[in-house]
Amino acid sequence: MRVHHLNCMPFHLGVENVTHCLLVETDDGLVLVDTGLGLRDYTAPVPFVRAFMALNRVPRDPEKTAVRQVMRLGFAPEDVRQIVLTHLHVDHTGGLADFPWARVHVYAREYEAAMGPRGISVKDRFYVRAHWAHGPEWVVHSCAGGRWMGMDCVRVVEGEEVEVLLVPLPGHTRGHCGVAVGKGEEWLLHCGDAYIRDSQVGMGAGTRAFPGWARWVERWLFPEESVRRLRELRRVYGGKVRLFCSHDPEMFFRLGGR
Ligand SMILES: [Zn+2]
């Protein structure tokens, strides 16, 4: 299994954070899991993205985009044929426009949450429609009842050497999913924003993210239910599955990210 770990939006909130994306080599071209911010965000962002970047202290560096990193790895942008998204928040969809030919896999509940009328939740503000104004080819999956490691899943890419699955982990957003990449006994589970500190699922030093007084914000952004399921997954299947989330740098670097 050939998987590259890319940081497509570094940011500074007290400590150095990452936005962990995957580039997976398959028999049928490259699959990108989450996209971070895109070229337009780094060069001419829409007002919401500009404010988001300033608040999170994101350096203006287009070299951090997935498309530039794909090219530095020696691939052509067109080699990225498919994109799989954990959810459609701003820091996960910015790179879509840099691969307009790619098929974009998303879970149906997330697609509806992002495309439908805006709810009252602040979390709905983080859907930035400008990120998909170019009209990507969406592939919208409802849960077809597949099973993986005791959890529901939808198979979105089936290959000889590697499969890619959407694993619903709602809470952060209504249709938020993890993305499992692997085959047989060797899997990665990109948990997106199901949690924010590796220590929440029993890994890492846990010395970052929210200070004690802001733990309620953390629980609201990253509800406990999915976190509990992931802890259980790790307890039972930890020998086969390596977990990581989008923004904690610890697992990113441990998995060879750069
Ligand atoms: Zn995020």
Side-chain angles (χ1 to χ4, degrees), residues 5-23 32-38 41-42 45-46 48-59 64-66 69 83-98 104-107 109-111 113-114 121-132 166-179 188-201 204 208-210 214 217-224 226-227 230 243-253 255 257:
H5 297 263
L6 312 178
N7 173 11
C8 298
M9 187 194 83
F11 61 107
H12 302 260
L13 276 184
V15 287
E16 195 72 42
N17 295 273
V18 301
T19 301
H20 195 153
C21 303
L22 300 178
L23 187 69
L32 183 63
V33 178
D34 275 359
T35 72
L37 292 180
D41 298 318
Y42 284 110
V46 298
F48 181 88
V49 174
R50 184 189 302 272
F52 175 85
M53 290 173 77
L55 264 173
N56 288 290
R57 304 186 55 211
V58 181
K64 293 296 176 193
T65 53
Q69 297 196 58
I83 296 173
V84 184
L85 297 172
T86 58
H87 64 303
L88 297 183
H89 273 173
V90 51
D91 48 324
H92 303 259
T93 53
L96 287 177
D98 298 330
V104 182
H105 299 271
V106 61
Y107 187 45
R109 286 198 65 187
E110 184 62 13
Y111 184 83
S121 172
V122 176
K123 291 176 184 175
D124 283 6
R125 308 278 145 204
F126 290 84
Y127 294 125
V128 173
R129 291 177 183 192
H131 277 172
W132 49 83
L166 282 170
V167 179
L169 291 170
H172 178 70
T173 61
R174 277 167 275 173
H176 182 280
C177 286
V179 178
L188 295 168
L189 182 62
H190 188 316
C191 298
D193 287 353
Y195 61 94
I196 188 75
R197 291 175 290 119
D198 290 331
S199 57
Q200 283 172 285
V201 292
R208 55 172 305 282
F210 294 84
V217 182
E218 182 178 292
R219 277 194 294 275
W220 170 71
L221 281 172
F222 312 100
E224 185 58 21
S226 286
V227 180
L230 289 167
L243 274 65
F244 57 91
C245 65
S246 293
H247 300 301
D248 193 321
E250 191 160 342
M251 281 304 289
F252 177 76
F253 290 116
L255 289 164

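Counting starts at 1 for both ligands and their atoms, in listed order.
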Contacts of [X] that satisfy side-chain contact (heavy atoms from CB on, under 4.5 Å) - sequence neighbours left out:
X	result
Cys245	Tyr195, Asp198, Asp248
Ala130	Val46, Val128
Ala66	Cys8, Leu32, Phe99

Problem set entry | Electrostatic pair Asp124-Arg174, nearest N-O below 4.0 angstrom |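 Yes.
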For this session: Assess whether ring pair (Phe, Tyr, Trp, His ring centres under 6.0 Å) is satisfied between His89 and His172, documenting all intermediate values.
Result: CA-CA 10 Å; His89 273 173; His172 178 70; 5.1 Å; yes
Problem set entry | His87 and Asp34: side chain donor to acceptor below 3.5 Å |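 No pair is found: no donor N or O on one side chain lies under 3.5 Å from an acceptor on the other.
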Problem set entry | Number of protein N, O or S atoms [distance to the Zn ion (ligand 1) under 2.8 Å] |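 Atoms of protein N, O or S type lying less than 2.8 Å from the Zn ion (ligand 1) total 4.
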